[in-house]
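Here is the structure we will look at.
Remember, it's 1-based here, ligands and their atoms both numbered in the order they're listed.
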Amino acid sequence: MIPQDHPRFRSLKVREHLARCAEEGILSLEGLTAHGRGEAFDYLIGERTTESAFRAGRSAAALLLLAKKPVISVNGNTAALAPDSIALLQQASNAAVEVNLFHRTDERIRKITSLLEKHGVKVLKGEAERLLPLSHDRAFCLREGIGSADVILVPLEDGDRCRALTEMGKTVIAIDLNPLSRTAMYASLSIVDEVTRALPIITQFCRELTKEEAQLFSAGYNNRELLRSAIQEIHSRLDHALD
Ligand code: PTJ
């Protein structure tokens, strides 16, 4: 029982939810440790959307709106944390949704697909093939999904796949609380924010941006500058932590 007046109530409830999802086989056990790493970085950025993450979310929406074949790649953590937000982003962006897992089993793919569908997400299905030059199972994807996408949104991504996708000429938008991760460095555009905060911002911009604005924001970002700003935010919070 977590008392509602506990100062970390939300965080504890999320952990409880993720532990349940792990027991059900939606989240991998490793996903729990990945969440813990995310929480630590969220602490450092102040558990809020920073100004640079907001700008990155706006550019992400612009890229999705202008894409010929946008795809949202969903793993266990994202499905467990934000199924409704994925449904809303799919509606606003017309992106396809594909389940892509690091710890891949047919059973997990089935369970995550069914969870997403219960929340109104249309999930791409088919025979996954080893289409990416990776030795782990994130290489498996659908030819008609990630395989032929031009823009891919990857919350909580693996650095290797991020790099492989950009080297294939795809535009990769990462959501990752760690601005120092290989994913954040390799992505075309990195949103340094918590996934449940970042997705609604992208969705809102998908609904609001005009075509001209989308053109402006899809080109007018610099990922190095966005990452530098995120690191700077952490720096200045640490500088003032004991004030
Ligand atoms: O469901 P699977 O099998 O595909 O496995 C998913 C995990 C997350 C276990 C797998 O992709 C993995 O091992 O990821 P990493 O390499 O640990 O990277 C996860 C990144 O996401 C880390 O940099 C974390 O800081 C970040 N992260 C964790 N939770 C969140 C987050 N970023 C945004 N929002 C979060 N809630």
Side-chain angles (χ1 to χ4, degrees), residues 10-19 21-50 52-53 56-57 60 72-86 89 97-113 115-116 123 128 132 134 136-141 146 152-165 172-187 189-202 226-227 230-231 234:
R10 190 180 175 277
S11 159
L12 295 175
K13 284 302 278 185
V14 171
R15 286 183 187 178
E16 190 179 60
H17 171 68
L18 291 182
C21 288
E23 275 163 15
E24 288 167 8
I26 287 163
L27 200 79
S28 62
L29 284 180
E30 294 82 352
L32 290 173
T33 59
H35 181 76
R37 185 196 292 173
E39 275 193 323
F41 276 98
D42 207 13
Y43 229 97
L44 294 176
I45 67 168
E47 297 177 310
R48 77 211 148 95
T49 298
T50 61
S52 56
I72 306 168
S73 175
V74 176
N75 66 7
N77 288 54
T78 307
L81 287 168
D84 292 326
S85 297
I86 296 162
L89 178 57
V97 169
E98 178 172 338
V99 178
N100 180 277
L101 303 179
F102 189 80
H103 306 283
R104 186 185 180 98
T105 63
D106 288 345
E107 195 189 353
R108 279 191 76 216
I109 296 272
R110 245 192 335 273
K111 283 183 176 170
I112 292 169
T113 300
L115 169 76
L116 291 171
V123 182
L132 307 186
L134 298 170
H136 53 76
D137 281 354
R138 272 202 144 171
F140 283 97
C141 55
I146 289 167
I152 310 180
L153 175 67
V154 290
L156 281 77
E157 182 57 21
D158 166 87
D160 279 2
R161 188 174 74 126
C162 186
R163 185 179 193 176
L165 291 169
V172 180
I173 306 164
I175 302 175
D176 192 328
L177 278 160
N178 177 2
L180 303 169
S181 73
R182 293 168 63 249
T183 301
M185 304 280 179
Y186 287 133
L189 171 65
S190 305
I191 305 171
V192 181
D193 202 1
E194 207 280 324
V195 68
T196 63
R197 293 196 302 266
L199 290 174
I201 291 172
I202 307 172
L226 290 168
L227 291 177
I231 293 166
I234 292 176

In this structure, CD1 of Ile202 is separated from CD1 of Ile175 (nearest 0.5 Å) by 4.0 Å

Is Asp42 paired with Arg197 through a side-chain N to carboxylate O contact shorter than 4.0 Å?
yes

Any non-hydrogen atom of Glu39 lying under 4.0 Å from ligand 1?
no

Is Lys13 salt-bridged to Glu16, going by a charged N under 4.0 Å from an acidic O?
yes

Note: ligand 1 atoms sitting under 4.0 Å from heavy atoms of Arg108 are 1 (O), 2 (P), 3 (O)

Please could you name the atoms of ligand 1 that Leu81 approaches to less than 4.0 Å, counting only its heavy atoms?
36 (N)

Distance filter under 4.0 Å to Gly76 heavy atoms, resulting ligand 1 atoms
1 (O)

Keeping Ser181 on the side-chain end and Asn178 on the backbone end, is there a donor-acceptor pair under 3.5 Å?
yes

Does Leu18 reach the side chain of Leu81, with side-chain heavy atoms less than 4.5 Å apart?
yes

Under 4.0 Å from one or more heavy atoms of Leu177, ligand 1 contributes atoms 30 (C), 31 (C), 32 (N), 33 (C), 34 (N), 35 (C)

Check: Thr196/Glu194 side-chain N/O donor and acceptor closer than 3.5 Å
yes

Find all atoms of ligand 1 within a distance of less than 4.0 Å from any non-hydrogen atom belonging to Gly31, and give their numbers and elements.
9 (C)

Could you tell me whether Arg10 and Glu47 make a salt bridge, using a distance below 4.0 angstrom between a side-chain N and a carboxylate O?
no

The closest protein heavy-atom partner of atom 35 (C) of ligand 1 is Glu194 OE2, 3.6 Å

Report yes if some heavy atom in the side chain of Val192 is under 4.5 Å from a heavy atom in the side chain of Leu226; otherwise report no.
no

the protein heavy atom lying closest to atom 10 (C) of ligand 1 turns out to be Phe102 CB, 4.3 Å

Backbone of Leu156 reached by a side-chain donor or acceptor of Asn77 within 3.5 Å:
no

Return the residue, atom name and 0.1 Å-rounded distance of the protein heavy atom closest to atom 21 (O) of ligand 1.
Leu156 CG, 3.5 Å

To the nearest 0.5 Å, how far apart are CG in Leu177 and CD1 in Ile191?
11.0 Å

Under 4.0 Å from a heavy atom of Asn178: give me the atoms of ligand 1 that qualify, with their elements.
23 (O), 25 (O)

With a 4.0 Å cut-off on heavy atoms, does Asp193 reach ligand 1?
yes

Heavy atoms only, cut-off 4.0 Å: how does Asp158 contact ligand 1, side chain, backbone, both, or neither?
neither

Flag the pair Val99 / Arg108 as yes when at least one side-chain heavy-atom distance between them is below 4.5 Å, and no otherwise.
no

Which ligand 1 atoms does Ala34 reach within 4.0 Å, using its non-hydrogen atoms?
8 (C), 17 (O), 24 (C), 28 (C), 29 (N)

Checking heavy-atom distances from atom 34 (N) of ligand 1 to each of Val195, Asn75, Leu18, the winner is Val195

Given Arg182, which of Asp158, Asp176, Asp160 fulfils the side chain to side chain donor-acceptor pair (under 3.5 Å) condition?
Asp160

Scan the protein's non-hydrogen atoms and note whether one is under 4.0 Å from atom 3 (O) of ligand 1.
yes

I'd like to check which ligand 1 atoms, numbered from 1 as shown, lie under 4.0 Å from a non-hydrogen atom of Glu157.
18 (O)

Quick one: nearest non-hydrogen protein atom to atom 26 (C) of ligand 1, plus distance?
Asp176 OD1, 3.4 Å

For atom 5 (O) of ligand 1, what's the nearest protein heavy atom and its distance?
His103 CD2, 3.7 Å

Report yes if some N/O of Asn77 lies less than 3.5 Å from some N/O of ligand 1; otherwise report no.
no

